[in-house]
Every structure is written in C-alpha cells, then in structure tokens.
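This report refers to the structure that appears directly beneath it.
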Amino acid sequence: MRNAEVAGVLYNISELLEIKGENTFKIRAYAKAARAIEGTTEDIEKIALEKRLKDIPGVGESIAMKIGEYLATGRLQYYEELKKQVPEELHELLQIPGVGPKTLQYLNKELGIKSVEELERAAKEHRLRRLVHFGETKEENILKAIERYRQRSTRIPLGIALPLVKEIVEALKKSGFIEKIEPAGSLRRRKETVGDIDILATSNDAHAAIEAFVHLPVVKDVIGKGSTKATIVTREAIQVDLRIMESKSFGTSLQYFTGSKEHNIKLRDLARQKGFKLSEYDLEEISTGRKVYCESDDGVYRKLGLLPIPPEIREDAGEIEAAISGKLPQLVEYKDIKGDFHVHTDWSEGSNTLVEMATAAQKLGYEYIAVTDHSKALGVAHGLSEERMLAQIEEIHKLNDTLSDFHVFTGVEVDIKADASLDFPDSILKQCDVVVAALHTGQKQARREITGRLITAMENENVDIIAHPTGRIIGEREAYDVDIDAMLDAAAGTGTVLEINAYPNRLDLSDVNSRKAKSRGVKIAIGTDAHNTGHLGLMEFGVDVARRGWLEKEDVMNTRSAKEVRFKD
DNA sequence: GCCGTTTTCGGCCCGACTGTTTTCAGTCG
C-alpha cells in the first residue's frame with residue numbers, strides 16, 4: 001500500500017504552498033485530500049487503477065491527476081518545481097510561535113531571512129523593529145519565541161500525563177469551588193503522547209477556583225492567571241491550562257477543546273450545511289439567531305443529527321461520515337476485558353510470584369491471565385531454560401487445581417532469534433496454552449530480514465501472538481524496519497493474533513496499525529507486559545489504543561471468557 | 001483546489017488575542 005506515501009507528498013505540497021503564502025483554501029484542500037487518503041483503508045493504487053480517485057472526498061480533478069502521475073512515474077512535476085521554488089530551511093521558521101506564512105514571506109523579502117539563526121541575529125541587531133508593521137514589542141516577542149522554541153519540551157507520554165491530570169482533578173474537586181470538571185484535548189482523546197494539558201471546569205466562584213488551581217502542590221510556575229483561565233507549569237515541566245466555562249456552554253466547550261482540530265473543522269462545516277454555526281459557546285441557528293446550548297458534548301452531536309462520537313476517534317479519519325450514516329463502531333470498553341495475555345513473574349524478570357500475579361488479576365475482576373515469561377535467549381531477563389519452562393508449566397497446573405473461577409494459561413514469550421528460528425523447539429511450545437513470540441535482538445537488520453523473521457514465526461502453528469509487533473519505544477527507539485502490510489497479511493493468512501502492548505512507552509501496535517489490522521480481519525490481544533502486580537493496571541492504556549484503532553469487542557481476544565479463548569487450531 | 005436540496009461561482013470553521021493599527025491583519029488553538 002502506498003497510501004501513506006501519497007498522503008506524505010500531498011502534505012508536503014500543502015506545507016510548501018503555505019510557506020509560499022498561497023491561498024489558504026488551496027493549502028487546506030491539499031491537506032484535506034492527504035488526510036482522506038491517509039485514512040483510507042483501501043489501496044490507493046487500486047483506486048487509481050479503477051479511476052475512482054475522485055470518489056475520495058476532497059480529491060477533485062487536479063489532485064486526482066497529480067496522484068495518477070505520481071503513482072505511475074514515481075515523480076510529480078508540480079511537486080518538484082515547488083521544491084525548487086522554496087528553500088528548504090524556510091520550513092523551520094514556521095515552527096517559531098508567532099511566525100506564520102505571511103510574516104515569513106515578508107521577512108524573507110525585506111531582509112532575506114531564511115533561517116532561525118538569521119532571524120535571531122536580525123532581532124538582536126534591532127533590524128526588525130524598523131520594518132513596517134513591526135515594532136519593539138514584536139521584535140522582543142520573536143526573540144522570546146525563539147528561546148522557547150529551542151527549549152521546547154517533547155510531547156509527554158500518556159502514561160505520565162494521565163496520572164498527573166487525575167491528581168489535579170481530584171485536588172480541585174476537593175477545593176469545593178468546582179462543579180463540573182473534565183480534562184479535554186489530546187489527553188481526552190487518549191493520544192499516545194500529549195502536548196499541553198487542557199482542563200475545563202464550571203464553578204460557582206471562578207476566582208476562587210483559579211486561586212486554588214495556581215496554588216496546588218504540583219505547581220512549579222504560574223505562567224498566566226486571568227479571571228477565567230490560568231496556565232501553570234508542573235514540577236515535571238508540563239504545561240496545564242484550567243479554563244472556567246459558563247455552565248450552559250460546557251457541552252460545546254468540551255466538544256471544542258477536545259478536538260482534534262481537523263475533526264472540529266469538519267464538524268463545523270457540517271453544522272453550517274445544516275444551517276447552524278457551531279462555536280465553543282453555543283450552536284446558533286443561522287436563519288433565526290436562536291442559540292442552542294448543550295449540557296454534554298454528546299448533546300452537540302445529537303443536535304446535529306449525529307450519533308455521539310467517542311473522543312478517542314475524533315481525528316477526521318472517517319468518524320463523522322460513519323456517524324452520519326449510523327455506522328459508528330461499538331468500541332471495545334475496559335469493562336469488556338476478561339484477562340491479560342502478557343504477564344511476567346519472578347520466574348524470569350518479573351518481581352512477583354505466580355500466585356501473587358494470579359491473585360492480583362482476580363482482584364481486577366479478570367477470569368484469567370496467560371503467564372508468558374521469557375525464553376532462555378533473553379539472558380538479561382533470566383529467560384527460562386527448557387527444564388525450567390516445563391517446571392513452570394507443572395506448577396501452573398497445580399495452581400489451577402487450587403483456583404476457583406480463575407484460570408492461569410501456561411505460556412511463554414519466546415524469542416524470535418536473529419536467524420528467524422524460535423528459542424524453544426516445537427515440542428516445548430506445544431505444551432504451552434499461549435505462545436507469544438517476540439523479536440528482541442537483531443533489530444537493526446534490514447526490512448527483508450526483519451519482516452521475514454516475523455512471518456516465519458507466524459507460520460509456526462504453535463505461535464499464537466506476536467508481541468509488540470514493531471518494537472518501537474516511544475521517545476526512545478524507532479520501530480524496527482518491518483513491512484507492516486506484509487506482516488498484517490501474514491497475520492491474516494496464518495490466523496496469528498497481534499498484540500497491543502499496553503505498556504505506556506510501547507503502545508505497540510499503534511492506534512493506526514491496529515485499525516489497519518482490523519480492516520484485514522486480524523484479531524488483537526491486549527497484553528500489559530506486567531512485571532509486577534501494579535502493572536496489570538496498565539490494561540486501560542491498551543484499551544485506549546484499541547478504541548483509537550476503532551476496535552470492537554469481537555476484534556479483541558481479551559473480551560472472550562476463559563472457555564472461549566482459542567488461538568490457532 | 002474542492003464543492004453544490006440556497007450556489008457551476010463564491011464560498012470554504014470560529015473566536016480570541018496581539019500588536020500595530022485608527023479599523024485590521026496575522027496567528028493560534
């Protein structure tokens with residue numbers, strides 16, 4: 001599939017046009033087409049071949065021609081010429097807050113500025129303040145913005161942001177000045193990483209609520225404080241905004257501040273088509289000026305004649321169309337989860353015993369876990385020898401005899417070695433209920449080798465699940481070079497289940513890849529990769545990814561009861 | 001550049017903020 005590749009070209013064109021200062025709507029048209037293609041599960045080459053490109057919403061005569069040219073020749077004349085016209089370095093300047101395309105063009109024309117360094121020098125030499133439409137303040141602000149840009153914090157993993165927000169929300173509730181409170185933004189959409197955190201609330205005393213917020217123990221700095229909004233920075237250098245809204249506007253506000261931006265643009269467009277103007281304050285009927293207020297953000301969707309769209313899929317990736325046609329997925333929920341398929345014990349690198357892990361899982365209301373300690377090749381993790389593996393199986397059988405209403409599946413996280421062979425012979429694997437295979441070594445190998453190793457593993461009838469299928473670690477390590485489409489096809493062909501590893505710095509498969517897997521009929525198992533009893537609680541993060549990937553109950557193995565759990569026959 | 005139960009031309013999401021302006025353009029979220 002070359003969908004991502006084609007979308008990438010269109011995104012680049014959109015950005016180049018932006019730097020050139022072209023018509024905003026033309027810029028948006030390219031970005032819109034790119035998004036539509038990115039979100040299409042059908043192969044773009046197939047669509048092009050069947051001359052159906054213009055059926056894609058946002059793709060018209062001109063863009064269809066360009067896609068055709070690019071797919072056929074691997075090049076696009078228009079794109080090449082654009083790249084020649086726009087110096088590469090200019091791009092970075094758009095990252096400076098306050099510098100947009102117009103300013104960029106102007107500075108380039110007047111002062112020949114092409115890079116952040118040149119802009120900084122011009123500001124320090126006070127050459128900016130002499131320009132028309134510029135002044136002392138703007139010049140100083142640009143210097144500050146460059147400073148901020150250089151120290152910009154990377155996005156925060158959801159695993160860190162979520163507990164922090166819970167702490168803040170609880171503390172604010174205790175203050176007594178808060179009525180309704182809800183975190184919004186990418187955190188509410190459960191994106192794997194979040195930028196700044198936005199919290200919305202209603203209050204009987206906005207002033208007191210703001211004061212309570214800026215004096216919370218987590219606060220390190222107060223950046224801004226007004227009558228209805230305050231911005232703080234926490235000890236962990238995370239920026240948090242609190243906005244106090246009027247109660248009657250809470251639904252529209254929550255809808256607006258939850259985003260995504262792209263989702264909001266399309267929703268407002270749809271509202272307009274239906275004769276309404278949607279803002280964060282209200283839904284206004286254009287012909288009469290009558291204002292409609294919504295208690296909840298679900299209410300906003302209902303008033304527009306849509307089914308409520310869960311926050312996790314508000315990305316303008318087909319969810320609005322699905323809501324219109326009544327075909328929204330019934331997303332899997334945490335309460336559907338009956339067990340965990342990736343659990344370690346102190347037999348390998350875990351810190352709790354078999355019994356402790358089983359008891360903790362039972363307390364969570366689960367019916368089962370699969371114990372999947374490492375195999376011997378992973379020396380650093382005290383991988384099990386074949387003898388110890390058999391001994392563990394024996395012990396689990398004994399444990400099961402003592403348990404009621406709970407089952408421990410025997411299992412292993414078997415290493416896929418650099419030569420594509422598995423770390424245990426079939427004779428051992430056969431004795432495990434659940435075989436999870438994973439690639440831990442040789443991650444630098446070429447795409448062909450890596451993909452081949454994974455496919456070979458999946459072709460083994462004893463291998464049930466591929467753990468953390470791309471190997472990425474958020475903020476630390478890129479995914480290994482695997483051909484995702486080939487892997488998904490092999491999973492579909494062999495009936496191998498792919499994991500969503502719920503560990504917050506893995507979340508692998510990702511949301512996008514999970515959705516791709518679903519479109520090919522590949523089943524998913526969520527595994528926490530727990531190394532202690534506390535880690536079992538990470539399941540929620542895996543469910544978040546599944547929901548963002550549009551997965552429904554039947555797509556997820558963990559929703560099956562212990563008796564219904566079946567992998568390859 | 002796209003698109004059409006108001007339109008094949010004239011729209012295209014909305015509102016706040018900022019700094020530079022005396023009425024608004026650019027940028028942001």
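A, B, ... follow the sequence lines: proteins, then strands. Residue 1 opens every chain. Not measured: the values here are computed from a predicted model.
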query = Just by distance, with hydrogens left out, do A:Glu69 and A:Tyr79 show a side-chain donor and acceptor under 3.5 Å apart?
reply = no

Electrostatic pair [X]:[Y] at N-O distance under 4.0 angstrom:
{"X": "A:Glu117", "Y": "A:Lys124", "result": "no"}
{"X": "A:Glu552", "Y": "A:Lys518", "result": "yes"}
{"X": "A:Glu315", "Y": "A:Arg515", "result": "no"}
{"X": "A:Glu262", "Y": "A:Lys266", "result": "no"}
{"X": "A:Glu170", "Y": "A:Lys174", "result": "no"}
{"X": "A:Asp511", "Y": "A:Lys191", "result": "no"}
{"X": "A:Arg2", "Y": "A:Glu45", "result": "yes"}

Assign [X] to base, sugar-phosphate, or nothing according to its heavy-atom contacts below 4.0 angstrom with the strands shown.
{"X": "A:Phe257", "answer": "nothing"}
{"X": "A:Leu283", "answer": "nothing"}
{"X": "A:Asp198", "answer": "nothing"}
{"X": "A:Thr103", "answer": "sugar-phosphate"}
{"X": "A:Lys277", "answer": "sugar-phosphate"}
{"X": "A:Leu278", "answer": "sugar-phosphate"}

Between [N] and [M], how many Å separate the two [atom1] atoms, rounded to a whole number?
{"N": "B:dG26", "M": "B:dT21", "atom1": "C1'", "answer": "13 Å"}
{"N": "B:dC12", "M": "B:dA25", "atom1": "P", "answer": "16 Å"}
{"N": "B:dC3", "M": "B:dT8", "atom1": "C1'", "answer": "9 Å"}
{"N": "B:dC2", "M": "B:dC13", "atom1": "P", "answer": "15 Å"}
{"N": "B:dG15", "M": "B:dC9", "atom1": "C1'", "answer": "28 Å"}
{"N": "B:dC17", "M": "B:dT5", "atom1": "P", "answer": "37 Å"}
{"N": "B:dC28", "M": "B:dT20", "atom1": "P", "answer": "16 Å"}

message = Can you tell me the base-pairing partner of B:dT8? Count Watson-Crick or G-U wobble geometry only, both distances below 3.5 Å, and say none if there is no partner.
response = none

query = Which comes earlier along DNA chain B counting from the 5' end, the contact point of A:Lys32 or that of A:Val99, where each point is its nearest nucleotide?
reply = A:Lys32

inquiry  = Assuming nearest nucleotide by heavy-atom distance, tell me which of A:Gly100 and A:Glu280 is located more 5' along DNA chain B.
reply    = A:Glu280

key: Leading and trailing nucleotides of DNA chain B with any atom under 4.0 Å from heavy atoms of chain A   = B:dG1 to B:dG29

ask   = Is B:dT21 syn or is it anti, if syn means the base angle is within 90 degrees of 0?
value = anti

Report all side-chain donor-acceptor pairs from residues 28-39 of chain A shorter than 3.5 Å, counting only partners two or more places apart or in another chain.
{"from": "A:Tyr30", "atom 1": "OH", "to": "A:Lys66", "atom 2": "NZ", "distance (Å)": "3.2"}
{"from": "A:Arg35", "atom 1": "NE", "to": "A:Asp316", "atom 2": "OD2", "distance (Å)": "3.1"}
{"from": "A:Glu38", "atom 1": "OE1", "to": "A:Tyr11", "atom 2": "OH", "distance (Å)": "2.8"}

request  = Please list, by residue number, the residues of residues 50-65 of chain A whose heavy atoms come closer than 4.0 Å to an atom of DNA chain B; answer none if no residue qualifies.
outcome  = A:Pro57, A:Gly58, A:Val59, A:Gly60, A:Glu61, A:Ser62, A:Ile63

key: Any side-chain heavy-atom pair of A:Leu111 and A:Glu118 under 4.5 Å   = no

